[in-house]
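Notes follow the structure.
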Amino acid sequence: MLLKRSLPKVRWKSWVKPWQQLDWSLFCLPVGVSIFGGLMILSTELKQPVTDWWWHWLIAGIGVVIALFLARCRYDNLLQWHWITYVLTNISLIAVMAAGTSAKGAQRWLTIGGFNVQPSEFAKIGVIITLAALLHKHTATRIEDVFRALAITAVPWLLVFVQPDLATSLVFGAIVLGMLYWANANPGWLVLMISPIIAAILFTMSWPLSTPIILFKEIFITPLGVAWAIAMAILGWLTLPWRRFNMGTIGALSLNLLGGELGIFAWNHVLKEYQKNRLTAFLNPEHDPLGSGYHLIQSRIAIGAGEMWGWGLFKGPMTQLNFVPEQHTDFIFSAVGEEFGLFGCLIVLFVFCLICWRLLHVAQTAKDNFGSLLAIGVLSMIVFQLVVNVGMNVGLAPVAGIPLPWMSYGRSAMLTNFIALGIVESVANFRQRQKYYF
């Protein structure tokens with residue numbers, strides 16, 4: 001009895017107090033997805049000499065520790081460091097261009113201590129922090145604030161785009177659009193921002209009832225492209241503040257016509273043949289079944305072979321015989337479809353929906369604009385990567401090289417996702433109980 005009284009009491013509450021306000025469902029769901037992802041990677045490599053699955057779990061474990069550490073640090077301290085974060089982000093991207101490691105036709109990695117690190121992945125966090133800090137001070141209710149946000153994002157976006165890393169640059173675009181929308185930007189402005197890209201597609205692709213009209217040499221227009229440009233001109237007149245001399249209308253029309261012509265020029269003179277095939281293969285993968293369409297065809301066959309309940313873990317014939325290239329990275333979802341069937345795919349998608357719902361909840365209950373915008377930036381990043389990755393696995397999107405968060409193998413991507421999770425958990429940990437809206 002005396003010994004018992006003399007021993008100090010272990011106060012467990014004091015240990016967990018720094019994390020008591022965490023959103024534990026948001027934290028545990030990605031951990032569970034990471035564990036399941038390791039199993040699926042193991043299944044894809046069961047009959048191969050490589051063993052990346054344990055690396056997946058090891059990096060996830062390191063990510064969990066980092067996320068817990070960040071969760072107990074006050075996220076609003078990032079406001080004081082956001083310009084330093086922005087500068088370091090750009091320096092790391094410049095370092096890749098100067099002394100990066102090349103693989104598969106792109107220079108995206110820095111070799112540090114024998115490991116390849118992909119700065120463009122961590123740049124997503126830098127962009128989210130910088131935009132959240134800017135929009136925290138000036139919401140996007142004025143067109144000037146929107147242009148400021150775009151100008152700040154343009155530098156890291158361009159550095160990533162020239163690596164070239166088109167997939168990550170698209171993620172940057174999704175982050176910017178999501179955060180601007182949450183910061184009260186006019187939805188019409190957001191449509192106008194992406195309209196030149198759509199115009200480039202409409203001017204370039206061969207659409208039904210859209211015979212090109214040649215104006216001069218390689219300058220030509222299509223009826224659908226012109227109709228889109230006129231629609232954007234009307235939208236510009238309705239939403240842009242420059243009503244004098246119809247500057248908004250003229251600017252929107254000119255921007256879309258220019259975007260369409262630049263799309264034609266890039267298609268004919270900039271993009272290589274394999275890049276064109278990669279972008280268009282999902283429309284008709286059977287056109288080149290042994291080349292650009294091979295990934296998509298094999299992925300669809302694997303998912304279809306799983307039917308309702310799947311073959312079972314380690315039993316999928318397409319997965320075990322390595323018919324699907326890069327299955328442990330970009331096409332990990334096809335392994336889920338084959339071995340766990342439609343039911344398993346729906347469960348995975350449901351878990352991701354829960355993660356996104358909790359991210360939205362944290363954004364709504366944050367104590368200030370900065371925390372709310374951080375959560376929305378992470379939500380935009382996760383949603384875009386999820387939609388594109390699953391879309392290309394089922395043949396509804398081009399093969400873009402975007403990993404499935406917490407499931408695809410990728411050490412830099414895994415750490416980035418857990419760092420983002422830790423920042424959002426910090427927002428949750430230091431929030432007020434009442435709901436907050438703009």
Side-chain angles (χ1 to χ4, degrees), residues 11-34 60-86 88-89 122-140 149 152 175-176 178-184 354-383 405-406 414-438:
R11 299 184 181 276
W12 296 106
K13 289 184 178 180
S14 64
W15 282 85
V16 299
K17 189 176 180 180
W19 298 283
Q20 63 182 358
Q21 296 298 326
L22 254 62
D23 190 322
W24 286 107
S25 58
L26 174 60
F27 188 83
C28 294
L29 287 171
V31 174
V33 172
S34 302
I62 296 172
V64 167
V65 174
I66 294 174
L68 287 174
F69 171 76
L70 292 174
R72 65 174 298 174
C73 300
R74 297 193 66 89
Y75 69 91
D76 41 17
N77 290 331
L78 293 171
L79 271 173
Q80 305 172 17
W81 301 93
H82 74 275
W83 284 123
I84 295 177
T85 303
Y86 180 74
L88 291 176
T89 297
F122 300 103
K124 300 173 188 175
I125 305 298
V127 168
I128 290 172
I129 293 172
T130 305
L131 282 179
L134 289 176
L135 296 173
H136 164 75
K137 297 176 183 177
H138 305 284
T139 57
I152 290 298
I175 290 171
V176 173
M179 295 182 73
L180 285 175
Y181 174 79
W182 194 252
N184 285 339
L354 289 178
I355 293 172
C356 294
W357 171 57
R358 297 312 301 173
L359 287 169
L360 182 60
H361 177 72
V362 172
Q364 290 180 326
T365 56
K367 70 177 183 179
D368 55 19
N369 284 0
F370 182 57
S372 184
L373 286 162
L374 286 173
I376 286 298
V378 174
L379 173 63
S380 303
M381 178 181 74
I382 298 300
V383 168
W406 294 293
M414 178 66 80
L415 286 178
T416 297
N417 292 330
F418 271 109
I419 290 172
L421 178 64
I423 292 173
V424 175
E425 287 291 5
S426 176
V427 176
N429 203 22
F430 294 98
R431 64 189 163 184
Q432 296 172 344
R433 291 189 177 275
Q434 67 268 24
K435 286 190 176 183
Y436 176 84
Y437 296 94
F438 279 95

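In this text the structure is predicted, and so the values were computed from the model without any measurement. FYI, the numbering just counts along the sequence from 1.
Residues Ile129 and Phe370 come closest through the heavy atom pair O-CE1, 3.9 Å. The two atoms that bring Leu22 and Ala71 nearest to each other are CD1-CB, 3.9 Å, heavy atoms only. For the residue pair Met179 and Ala132, the shortest heavy atom distance occurs at CE-N, 3.4 Å. The two atoms that bring Val424 and Ala375 nearest to each other are CG2-CA, 4.0 Å, heavy atoms only. Nearest heavy atom pair, residue Asp23 against residue Ser25, reads OD1-OG, 2.7 Å.
Asn417 is not listed as a side-chain neighbour of Leu421, based on a closest heavy-atom distance of 4.5 Å or more. The shortest distance between side-chain heavy atoms of Trp182 and Leu360 falls below 4.5 Å. Proximity of Asn369 to Leu135: side-chain heavy atoms (C-beta onward) are nowhere separated by under 4.5 Å. Using a 4.5 Å heavy-atom threshold, the side chains of Ile152 and Trp83 count as touching. Counting heavy atoms from C-beta outward, Phe27 and Val64 have side chains that approach closer than 4.5 Å. Between Leu70 and Ile419 there is a side-chain heavy-atom pair separated by less than 4.5 Å. Side chains of Leu379 and Ile376 form a contact here, defined as non-hydrogen atoms less than 4.5 Å apart.
Distance check, rounded to the nearest 0.5 Å: CG of Leu68 to OG of Ser426 gives 12.0 Å. With values rounded to the nearest 0.5 angstrom, Arg72 atom CZ is found 8.5 Å from Phe430 atom CZ. Atom-to-atom distance recorded for Phe69:CZ and Glu425:CD is 15.5 Å, nearest 0.5 angstrom. Taking NZ from Lys137 and CG from Leu79, the interatomic distance works out to 7.0 Å, rounded to the nearest 0.5 Å. Taking CD1 of Ile84 as the start and CG of Leu78 as the end, the distance is 11.5 Å to the nearest 0.5 Å. Between the CG atom in Leu180 and the OG1 atom in Thr139 there is a gap of 10.5 Å [rounded to 0.5 Å].
A side-chain donor-acceptor contact under 3.5 Å links Ser34 to the backbone of Pro30. A distance-only check finds no donor-acceptor pair linking the side chain of Tyr75 to the backbone of Leu374 [under 3.5 Å].
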- [ ] Would you sort out whether Ile423 and Val378 count as a side chain to side chain contact (heavy atoms under 4.5 Å, CB included), showing the intermediate values?
- [x] CA-CA 9 Å; Ile423 292 173; Val378 174; 5.8 Å; no
TODO: Test Leu88 against Phe122 for side chain to side chain contact (heavy atoms under 4.5 Å, CB included), laying out the working first.
DONE: CA-CA 10 Å; Leu88 291 176; Phe122 300 103; over 6 Å; no
Open item on the list: Between Ile175 and Ile128, does the side chain to side chain contact (heavy atoms under 4.5 Å, CB included) criterion hold? Intermediate values first, please.
Closed with: CA-CA 7 Å; Ile175 290 171; Ile128 290 172; 3.7 Å; yes
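Taking the six-membered ring where the residue is Trp, His361 and Trp357 present tilted rings, their angle falling between 30° and 60°.
Contacts of Leu29 classified as side-chain contact (heavy atoms from CB on, under 4.5 Å), with partners at least two apart in sequence or in another chain: Val351, Leu354, Ile355. The side-chain contact (heavy atoms from CB on, under 4.5 Å) check on Thr89 picks up Thr85, Leu93, Ala123, with sequence neighbours excluded.
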